[in-house]
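Everything on this sheet refers to the single structure shown next.
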Protein chains: 2
Amino acid sequence: MNDNGQNGEKKKSRRPSQERTAQRDPERTRAAILEAATREFAENGMGGARVDAIAERAGTNKRMLYHYFGDKEQLYLRVLEEAYVGIRTAERALHIGDRSPEEGIGELALFTWRYFLQHPEFLSLLGTENLHRARWLRQSVRLKELHSHLIGELSDVLERGKKQGVFVESADPLHVYLTIASLGYFYLSNQYTLSTIFGRDLIEPNHLNAWERHIVHVTLASIKH
Amino acid sequence: MNDNGQNGEKKKSRRPSQERTAQRDPERTRAAILEAATREFAENGMGGARVDAIAERAGTNKRMLYHYFGDKEQLYLRVLEEAYVGIRTAERALHIGDRSPEEGIGELALFTWRYFLQHPEFLSLLGTENLHRARWLRQSVRLKELHSHLIGELSDVLERGKKQGVFVESADPLHVYLTIASLGYFYLSNQYTLSTIFGRDLIEPNHLNAWERHIVHVTLASIKH
DNA sequence: CCATCAAGTAACTGTTTAGTTACCGGCTTG
DNA sequence: CAAGCCGGTAACTAAACAGTTACTTGATGG
């Protein structure tokens, strides 16, 4: 079908594509690259991730990657942004203000823990971004407004609890969120070194459940009267 | 050029007992490589660290690096091991059992927080090692015995507190340590993304002090009656 | 004073990597 | 149906990389 000497002029003829497989689907290709990049960056960090590996995982090639995302750094930022959008979107659906203050905080703690547990790639991306001192996140314009909602809603719940006399006056919304996130993040993201040095498999279901209860307990114990 | 003349020193002392001109200094070179590697790995991770950069930072060259440490991976493991030895050694000097149970736990929490604060490279190395699922740490033979002392001593303090009725029966030594470490680790290692998304400079001294107090408060609140 | 050996230097090598270029072919539209 | 745009392929390139080799320097003991 493809005749190399079609007009006799030797242009650098390459190997003809023999098996024409998939139909064209820009949206699918783009999404596949993003997902493959998420896995590759999460597993290997920014320095360890390979552009070739991403293209291969996505079932496409580097040309498309550069076409859709510019370069490795822009692709990485895109991955990071999507990861943040993912957790903040799920968080909004919680509506922690609909319950009693105590239940609301417990609910947020449970949600955060379980989200971390189900999205190890998010934790990993955070680790990588912090290794680089938020070099790429700081350039993001999309993410300024994304996080204020969380603190606002949490602040309301705490105020309500204080008025009802169940929470101490000193309870601070950022501190409460950092407490919840700390306990989940460290346990999961450092599970490999921790399991190694303490000789206990932290990912075992019983330990996981015990730690989930512990997070809720610690969070509430630190702000309750 | 520099002829000392005297060769009357016929003691078979292989080492020149004093006053080495320091042109050549194996011990110093070795230490310089280890320190340079610690910084390079902490700043760039395993995948991002460059062997050339380590040699240059150490004021030497790659030949010496490979001569003393074998290859990049062995050097990295060495750096990681030294980091663990550093914190566990400092920890032992605390003797948390010498005080009342409550003071002992508070002391451990304060120490851990301040050690993390003063050794950001340790946190960074932990992050890198966990990204790779403890691939190198698991191969280490030196580190099996290093950590049991911590849990043992902590366990004693908790038992004493339970007998005195100040701590709840459910208090678990590993959970207590993980709580302390979580709160310190997450705040510091994720300070860059956190400061960016929440618009607050977490490394500012007032915030740092507030978090230090918070860690002690949370830790004790979670185990006290 | 010279043989030896360890400390140290610098240029080199084969491979890997991010990013580019040359080319292909289906689809739309004038 | 020709023109050309757009999704897609694969080979290519310059630079960066981990690791090696050939060599120099200087202290020490015989």
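Every chain is numbered from 1 and lettered A, B, ... according to where its sequence line falls, protein lines coming before strand lines.
Contact check of residues 57-69 of chain B against DNA chain D (heavy atom, cut-off under 4.0 Å) returns B:Lys62, B:Arg63, B:Tyr66. Of all the residues in residues 70-81 of chain A, A:Asp71, A:Lys72 reach under 4.0 Å from DNA chain C with at least one non-hydrogen atom.
The salt bridge (charged side-chain N to carboxylate O under 4.0 Å, His left out) contacts involving residues 113-131 of chain A comprise A:Arg114-A:Glu212, where partners must be two or more places apart or lie in separate chains. Every pair tested for salt bridge (charged side-chain N to carboxylate O under 4.0 Å, His left out) that includes a residue from residues 173-185 of chain A fails, sequence neighbours excluded, so the list is empty. The salt bridge (charged side-chain N to carboxylate O under 4.0 Å, His left out) contacts involving residues 38-49 of chain A comprise A:Glu35-A:Arg39, A:Glu40-A:Arg57, A:Glu43-A:Arg57, where partners must be two or more places apart or lie in separate chains.
OP1 or OP2 of C:dG8 sits under 4.0 Å from a side-chain N or O of B:Thr29.
Partners of B:Phe122 under the ring-ring contact (aromatic ring centres under 6.0 Å, His included) rule, at least two apart in sequence or in another chain, are B:Tyr84. For B:Asp71, the salt bridge (Lys or Arg N to Asp or Glu O under 4.0 Å) test picks out no residue, with sequence neighbours left out. Residues satisfying the ring-ring contact (aromatic ring centres under 6.0 Å, His included) criterion with A:Tyr187, sequence neighbours excluded, are A:Trp113, A:Trp211. Judged as a salt bridge (Lys or Arg N to Asp or Glu O under 4.0 Å), and not counting sequence neighbours, B:Glu56 has no contacts. Residues satisfying the ring-ring contact (aromatic ring centres under 6.0 Å, His included) test with B:Tyr115, not counting sequence neighbours, are B:Phe111, B:His119.
A donor-acceptor contact under 3.5 angstrom links the side chains of B:Thr179 and A:His214, judged on distance only.
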Name the pairs: protein N/O against N/O of nucleotides 14-16 of chain C, kept only if under 3.5 Å.
none

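As a whole-Å value, the separation of B:Asp52 CG from C:dC12 P is 15 Å.
Backbone-only engagement by B:Ala49 is indicated by non-hydrogen atom pairs under 4.0 Å involving sugar-phosphate atoms exclusively.
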Pairs under 3.5 angstrom only: tabulate donor-acceptor contacts from the side chains of residues 131-139 of chain A to other protein residues two or more places apart or in another chain.
unit_1, atom_1, unit_2, atom_2, d
A:Trp136, NE1, A:Glu73, OE1, 3.0
A:Arg138, NH2, A:Arg133, O, 2.6
A:Gln139, NE2, A:Arg135, O, 3.3

